[in-house]
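Here is the structure we will look at.
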Protein chains: 2
Amino acid sequence: MSSARSTPKAVSVHSNEAPRPLRADARRNRERLLAAADEVFTERGAEAAMEDIARRAGVGIGTLYRHFPTREALLVATVEEQLHALARKTQSLAASPSPGDAFAEFLGAFVEHASTYRGLATSLGVVFQSGTPGCTAASEAATRLLSLAQAAGEIRGDIDLDDVVCLVTGITLAAQQTPPEPGRVQRLVRAFIEGLRAPAPSKGARAAQDDARPGGSRAARASRAS
Amino acid sequence: MSSARSTPKAVSVHSNEAPRPLRADARRNRERLLAAADEVFTERGAEAAMEDIARRAGVGIGTLYRHFPTREALLVATVEEQLHALARKTQSLAASPSPGDAFAEFLGAFVEHASTYRGLATSLGVVFQSGTPGCTAASEAATRLLSLAQAAGEIRGDIDLDDVVCLVTGITLAAQQTPPEPGRVQRLVRAFIEGLRAPAPSKGARAAQDDARPGGSRAARASRAS
DNA sequence: ACCTGAACACCGTTCAAGT
DNA sequence: ACCTGAACACCGTTCAAGT
């Protein structure tokens with residue numbers, strides 16, 4: 001239950017339908033493309049050939065590009081509805097008495113979402129920040145749930161939504177890297193959740209000395225030949 | 001396993017050098033290709049154009065394919081030395097008095113390895129199972145370290161090496177998905193390590209591990225930690 | 001035995017022509 | 001206004017010809 005919040009957001013209030021009216025045939029083509037994309041992405045993964053999608057939709061390749069100028073755009077549009085569903089689920093989870101458990105369940109749902117198409121996770125970062133209504137809704141709901149869980153002291157505080165997106169991306173990508181061993185995703189999610197639980201139990205000053213070079217050491221490697 | 005030769009486990013004992021002698025020019029080309037690949041992969045990521053590598057090496061594209069019939073093969077060969085280094089580091093870590101901390105450090109090193117080229121992590125699963133000496137060495141050392149940490153009760157038992165490879169792949173891929181925020185990798189690694197710690201603590205039992213820590217407001221501390 | 005690079009195949013994207 | 005598909009560009013891979 002989301003009560004009174006009058007946040008001055010001002011952005012991205014547009015419906016799921018066309019922002020401006022499309023001609024009848026164009027509208028039909030758009031929907032055929034979305035349906036075909038969903039099918040083909042499901043069958044062949046998110047890197048399926050664009051022409052396959054156009055063919056499946058029964059339109060020319062040019063029509064596809066007219067409606068969706070990039071593959072990302074098509075992906076985003078195809079995933080919109082699922083994002084809305086994820087947002088709804090997340091919102092309902094926010095009402096849970098145990099925000100920590102709710103967040104855990106959210107993580108699982110998010111991973112499931114990211115797994116709808118093989119290879120979707122690769123673009124998840126981009127897709128999730130594309131600013132469509134579905135993205136915004138899911139993003140806001142997730143942020144809220146995370147804050148609740150952190151405020152309740154059930155999830156560690158040094159984690160932000162971007163980290164979570166990274167986690168989900170990573171778990172999903174990683175699980176797809178290997179032959180589909182079904183238990184693995186759950187195991188990884190569970191392990192991750194345990195890791196996210198607050199407080200981080202300190203068994204000494206471990207992990208404090210993690211070497212922290214983001215870019216470095218190519219010069220050292222480059223000098224190997226001589 | 002058709003062991004036409006005598007030694008039963010003889011497979012992986014061969015030097016880093018050529019398995020069979022190469023003509024002088026071929027040998028030189030091979031090394032030029034490896035050096036060029038390292039440079040180009042570093043600059044442009046693991047999906048760099050093969051022709052760029054050939055050009056950088058000063059050889060024809062056909063020569064590249066003669067030596068390395070697939071991109072994976074070239075990647076694997078380029079990464080061999082680093083894998084040996086990782087294996088050595090892992091072996092030395094196995095002597096640590098705290099297998100759990102040692103494993104944590106190994107995870108960090110593994111992630112760093114997987115980050116040497118942008119996009120390497122995508123192929124990490126394949127690369128890591130390619131059966132080269134470096135892979136085998138690193139893989140065996142890692143398995144041993146993991147077993148030690150599990151036997152010591154410091155890492156949860158329901159995790160295998162494939163899971164770890166997945167974790168590393170995931171963390172690395174995920175961190176590359178987002179703009180390079182340097183703290184993120186360490187944060188994710190640390191969170192993951194906490195998750196891997198055994199036993200998976202129940203919410204009530206967790207405090208027991210936190211033995212002599214004074215100051216009970218853990219959530220408050222966690223929320224501002226960086 | 002090895003090298004070379006033109007040739008082939010494939011795929012994403014554009015755009016002039018059509019309705 | 002929208003659709004079409006031939007054309008273009010790019011890149012990975014092969015192979016006949018050269019040394």
Side-chain angles (χ1 to χ4, degrees), chain A residues 17-41 43-78 117-120 122-123 126-127 130, chain B residues 17-41 43-78 117-120 122-123 126-127 130:
Chain A
E17 304 302 77
R20 108 194 140 189
L22 287 174
R23 220 168 66 177
D25 56 345
R27 180 148 184 42
R28 216 186 44 202
N29 280 339
R30 198 189 126 92
E31 258 157 48
R32 280 186 185 170
L33 279 166
L34 282 176
D38 184 55
E39 284 178 28
V40 175
F41 285 151
E43 290 171 13
R44 304 217 226 286
E47 277 152 18
M50 298 300 258
E51 197 169 331
D52 285 354
I53 296 172
R55 196 180 307 121
R56 177 87 55 119
V59 305
I61 183 66
T63 302
L64 188 156
Y65 277 98
R66 160 170 275 264
H67 285 282
F68 307 102
T70 88
R71 152 176 269 118
E72 301 289 359
L74 180 54
L75 250 184
V76 165
T78 309
Y117 311 137
R118 199 164 11 102
L120 206 206
T122 305
S123 313
V126 176
V127 167
S130 59
Chain B
E17 305 303 78
R20 111 197 138 189
L22 287 174
R23 219 167 66 177
D25 55 345
R27 179 146 184 42
R28 215 186 43 199
N29 280 339
R30 199 189 125 92
E31 258 157 47
R32 280 185 183 172
L33 280 165
L34 283 176
D38 184 56
E39 285 178 29
V40 175
F41 284 152
E43 290 170 13
R44 304 217 225 284
E47 278 152 17
M50 298 298 259
E51 197 170 329
D52 285 354
I53 295 172
R55 197 180 307 123
R56 178 88 54 121
V59 305
I61 183 66
T63 301
L64 187 157
Y65 277 98
R66 160 169 274 264
H67 285 281
F68 307 102
T70 85
R71 154 177 266 116
E72 302 288 0
L74 180 54
L75 251 184
V76 166
T78 308
Y117 310 136
R118 199 164 11 101
L120 207 206
T122 304
S123 313
V126 177
V127 167
S130 59

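For the numbers below, each heavy atom of this structure counts, side chains included, while hydrogens, waters and symmetry mates do not. Each chain gets a letter, A, B and so on, in the order the sequences are listed, and its residues count up from 1.
- With sequence neighbours excluded, the residues that form a side chain to side chain contact (heavy atoms under 4.5 Å, CB included) with B:Glu72 are B:Thr70, B:Leu75, B:Ser123, B:Val126, B:Val127.
- Note: OH (A:Tyr65) to C1' (C:dA16) measures 18 Å, nearest angstrom.
- With rounding to whole Å, B:Glu72 atom CD is found 10 Å from D:dT13 atom P.
- Listed pair B:His67 / C:dC3 meets the phosphate criterion, a side-chain N or O lying under 4.0 Å from OP1 or OP2.
- When each of A:Arg27, A:Arg23, A:Arg28 is tested with A:Asp25 by the rule salt bridge (Lys or Arg N to Asp or Glu O under 4.0 Å), just one qualifies, namely A:Arg23.
- Along DNA chain D, the nucleotide closest to B:Glu47 and the one closest to B:Arg23 are compared, and the more 5′ of them pairs with B:Glu47.
- C:dA1 atom P lies 12 Å from atom CG of B:Leu22, rounded to whole Å.
- Atom CG of A:Leu74 and atom P of C:dG12 are 12 Å apart (whole Å).
- For DNA chain D, if you chain together Watson-Crick or G-U pairs that step i with j, i+1 with j-1 and so on, the runs of at least three with distances under 3.5 Å are C:4-8 with D:12-16, C:12-16 with D:4-8.
- Computed from coordinates, the B:Arg32 CZ to C:dC2 C1' distance equals 14 Å when rounded to whole Å.
- Scanning for ring-ring contact (aromatic ring centres under 6.0 Å, His included) contacts around B:Phe41 gives B:Tyr117, with sequence neighbours left out.
- To the nearest 0.5 Å, atoms CZ (B:Arg66) and CG (B:Leu64) are separated by 12.5 Å.
- Summarising the geometry, the separation between CG on B:Asp25 and P on D:dG18 is reported as 19 Å, rounded to the nearest angstrom.
- When rounded to the nearest whole Å, the span between CZ of B:Phe68 and P of C:dC2 equals 13 Å.
- Residues satisfying the side chain to side chain contact (heavy atoms under 4.5 Å, CB included) criterion with B:Tyr65, sequence neighbours excluded, are B:Met50, B:Ile61.
- Not counting sequence neighbours, the partners of B:Arg55 by the side chain to side chain contact (heavy atoms under 4.5 Å, CB included) test are B:Glu51, B:Asp52.
- Within the model, atoms OG1 of A:Thr78 and CG of A:Leu74 stand 4.0 Å from one another, a figure rounded to the nearest 0.5 Å.
- Here the closest heavy-atom approach between residue A:Phe68 and residue A:Ala77 is recorded as CE2-CB, 3.7 Å.
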What protein N or O atoms touch nucleotides 8-10 of chain C N or O atoms at under 3.5 angstrom, if any, and at what distances?
none

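- Taken to the nearest 0.5 Å, the CG atom of A:Leu120 stands 10.5 Å off from the CD atom of A:Glu47.
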Which atoms of nucleotides 4-6 of chain D (N or O only) lie under 3.5 Å from a protein N or O atom, and what are those distances?
unit_1	atom_1	unit_2	atom_2	d
D:dT4	OP2	A:Gly60	N	2.9
D:dT4	OP2	A:Thr63	OG1	2.8
D:dG5	O6	A:Gly62	N	3.4

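- The shortest non-hydrogen separation linking A:Leu33 to A:Ile53 is O-CG2, 4.1 Å.
- Annotation: side chain to side chain donor-acceptor pair (under 3.5 Å) contacts of B:Arg56 (sequence neighbours excluded): B:Glu39, B:Glu43.
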